[in-house]
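When reading the values below, keep in mind they use all heavy atoms of this one structure, side chains included, and skip hydrogens, waters and symmetry mates.
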Amino acid sequence: MLPENNDLLTAHDLERGHQLQRKLVEFGRLLWDMGLDVGPGRMVEASKTISLIDVKKREDFYHALKCTLLSRHEQEPLFDQAFFYFWQMKHRLSKLDDNAIVKSDEKRGSPIRLPPRERQELEAQAARLTRQLMQPQRDAGRARPSDQADQSDDDDDDEAQGTAYSAIEQLRGKDFESYSWEEMQEAKRLMAEMHWHLGERPTRRKAPSRKGAYPDLRRIIRRNMKYGGELMELTWRKIRRKPRPLVIICDISGSMSLYSRLLLHFIHTISSGLQNTEAFVFGTRLTRITRQLRKRDVDDAVRDVSKNVQDWSGGTRIGECLRDFNYRWARRVLGHGAVVLIISDGWDRGEPDVLRAEMDRLQHSSHRLIWLNPLLGAEDYRPVTIGMKTALPFIDNFLSAHSLDSLLELGKVLEQIDDSRPSRRGQARLQQLPGR
Amino acid sequence: MEQVQQALPASIDDVLAALSAQRYIADRSLATTIYLALKRHKPLLLEGEAGVGKTEIAKVLASMLDTRLIRLQCYEGIDVNTAVYEWNYTRQMLHIRLLEASGANNDAAMQDIFGPEFLIRRPLLEAIDPGNKKAPVLLIDELDRSDEEFEAFLLEILSDFQVTVPEIGTLTAPEPPIVVITSNRTREIHDALRRRCLYYWIDYPTLEKELAIVLAKAPEASEKLARQVCIFVKELRAMDLFKSPGIAETLDWVSSLVTLEIHELQEGPVRDTLGALLKYQDDIEKVNSGNALSKLLHKVIGA
């Protein structure tokens, strides 16, 4: 996959060793700007690493930089693009990046290609970089943009006190659908104030405790040394508990458009309020948005998500998207007794059989499967769409998500999740899958 | 004790040669990473799907460097007591009773029970034991299964290669062990740990590479069978399966076929032995359904 012609570095570069160091730093900066976690520490590492190899050998140089500067498989295509762009000629980019991307995604049934926009961005980055390189000596210690700017987000807390209590009460029960712009802003603010607490799971770790089921032998022996080894005092350990992980899979297709942006705000508050949250959105395809949601500022995060999601307000293929989730992500994010939250109205244009099989798999790999449906708020709502009907037997909790009140209701459910698994999951399987 | 300076490979080509002497078929990219990890005393973080040969690398490294392999299998809840050291309580208590019986009930004698002979050494302590003549290979297997607390603790050990046992003192490795960490990505490994390691993603092998592996590891299989098996597995990996077979499964399958004295892929025996390759009922059903299997075999035999 490496280009044949063009030595990485010209003879001129090699003559002047520090040129290479400088280029390396610039390369690191490019990677950083592209979102790779390449700080100064890594650059020092890289510089040490390449001193051990023959930099004139293209392949070795590439692999050496890669194993030092890259630490996530997903970022490989980006790294490859940057590498070939930076250390090669520009016109090679279009040819090479495709190879690199196809290679790394070959084993996934559906290759994900970098959208052209990202390529454009990369080119723009590189152009800027080239401009910077042209400048003489730049200030060495340029501050890195921190992606988690520590902004306090309670600036306008006092302002809220002025809002009449009754107005808030009204807003709570109101369907998101009929919100005015002002109400929307108010709702976002109220959401940000909500506190989330998720049921806990027992871990395999034990902690000292006055009353517990397990004798703490290490401490018993040490403590009883003063009695000459006679066991006079006993100390105990008990199982430690931890909040469960939460995985949110939110529908952002056309039929959900009235709700989805506000729901994204909700997802943001819930994921910043809980320790261990993963979030995905789907329409015709599934996108992981966990990283985007880590931004402290809600609006930034939501903007980022909408920028990165391809099929905003398109059609829905719930089954296929859940399948994508089950195949590609379930193993990675559903460990430790995770609670799964699907937010969707159940309008599905996909195959019911696929949805059924994937819901079954999902229910079996999660501790609790909760479905939030914004339509459930309407009194006359009946789950009659094929999608909703198919999914229903596999859901442990079917809740609404049309108003602030309904979200508070969800809060209560989440808090009360205990160790026992809901009992009806076996039944659903039998009813729905007679063929097995 | 006399320390023996370990002879590390002198170049990437040396690593490649040493690996192939161990019958491990590796790309130059992996050899480069291993070479750098050895040279720079950096832990090697290997990620990839299950069964692509991550653990194998540690084993091969140990025999290549002619040193011990110490393996720490991670699981949820693994803690310092099970990873580093533990006191042998039963022996301690017996010893106390013995001391009592012999009447030697003084403090000094009591202090004995926290001596090295009552210490149970777990893998991490073994790996940094000052008595090691040669730096061992420390395999921290499936780190993703442990919890965050353990990962944080590991970070500390990996940066200093020393452990403090309060009753005994601080133990420091004379020469840091060669660390190989593997992860199946059932959980994200924290960035802080990633930063300390050299990273390598092991992919499913290409057809030619897999064939070379099968021929090296299962020499009892005919070349014809080996080739058919590799093509078949490659086709399976292109299918949308819940769990694609890894190299480990390919090797399992080959040896099952050889045991059954099958020299050429045929529908019946393939159907009967699919369990060696596929580990989920849904996947087996998918391959068995309709004429999917015969189509697949047709492709393989035609190739």
Best-contacting candidate, [options], against chain A by heavy atom pairs under 4.5 angstrom:
| options | value |
| --- | --- |
| Glu188(B), Glu47(B), Arg187(B) | Glu188(B) |
| Arg28(B), Gln92(B), Glu167(B) | Arg28(B) |
| Leu198(B), Leu30(B), Ile189(B) | Leu198(B) |

Lys/Arg cation over aromatic Phe150(B): Arg205(A), 6.0 Å, 45° cone: no

Lys57(A) vs Ile12(B), side chain to side chain contact (heavy atoms under 4.5 Å, CB included): CA-CA, chis, key distance, verdict: CA-CA 11 Å; Lys57(A) 280 195 179 151; Ile12(B) 298 168; over 6 Å; no

Carboxylate-amine/guanidinium contact Arg195(B) Glu45(A), below 4.0 Å: no

Which region of [X], side chain (C-beta onward) or backbone (N, CA, C, O), has a non-hydrogen atom less than 4.5 Å from a non-hydrogen atom of chain A, or is it both or neither?
| X | answer |
| --- | --- |
| Ile78(B) | backbone |
| Lys42(B) | side chain |
| Thr32(B) | side chain |
| Asp147(B) | side chain |
| Tyr200(B) | neither |

Flag side-chain contact, heavy atom, 4.5 Å: Glu59(A) against Asp27(B): no

Validation row: Phe114(B), Ile221(A) side chains within 4.5 angstrom (heavy atoms): yes

Chi angles and distances behind the side chain to side chain contact (heavy atoms under 4.5 Å, CB included) call for Tyr89(B), Arg218(A): CA-CA 7 Å; Tyr89(B) 308 117; Arg218(A) 177 176 264 179; 3.4 Å; yes

Would the number of heavy atoms belonging to other residues, nucleotides or ligands and lying under 6.0 Å from [atom1] of [X] be above 12?
| X | atom1 | answer |
| --- | --- | --- |
| Gln281(B) | CD | yes |
| Arg145(B) | CZ | no |
| Tyr75(B) | OH | yes |
| Arg204(A) | CZ | no |
| Lys238(A) | NZ | no |

Donor-acceptor contact present, side-chain Tyr199(B) to main-chain His73(A), <3.5 Å: yes

Full working for side chain to side chain contact (heavy atoms under 4.5 Å, CB included) between Asp191(B) and Arg72(A): CA-CA 9 Å; Asp191(B) 281 341; Arg72(A) 275 174 209 284; 2.4 Å; yes

Which portion of [X] sits near chain B, non-hydrogen atoms under 4.5 angstrom:
| X | value |
| --- | --- |
| Arg323(A) | side chain |
| Ile53(A) | side chain |
| Arg331(A) | both |

Closest non-hydrogen atom pair between Thr203(A) and Glu76(B), with its separation: CA-OE2, 4.1 Å

Between [atom1] on residue [X] and [atom2] on residue [Y], distance to nearest 0.5 Å:
| X | Y | atom1 | atom2 | value |
| --- | --- | --- | --- | --- |
| Asn81(B) | Lys206(A) | CG | NZ | 9.5 Å |
| Leu52(A) | Tyr35(B) | CG | OH | 5.5 Å |
| Asp282(B) | Glu358(A) | CG | CD | 8.0 Å |

Residues Lys242(A), Glu148(B); criterion side chain to side chain contact (heavy atoms under 4.5 Å, CB included); working and verdict: CA-CA 12 Å; Lys242(A) 250 183 161 178; Glu148(B) 287 84 357; 3.4 Å; yes

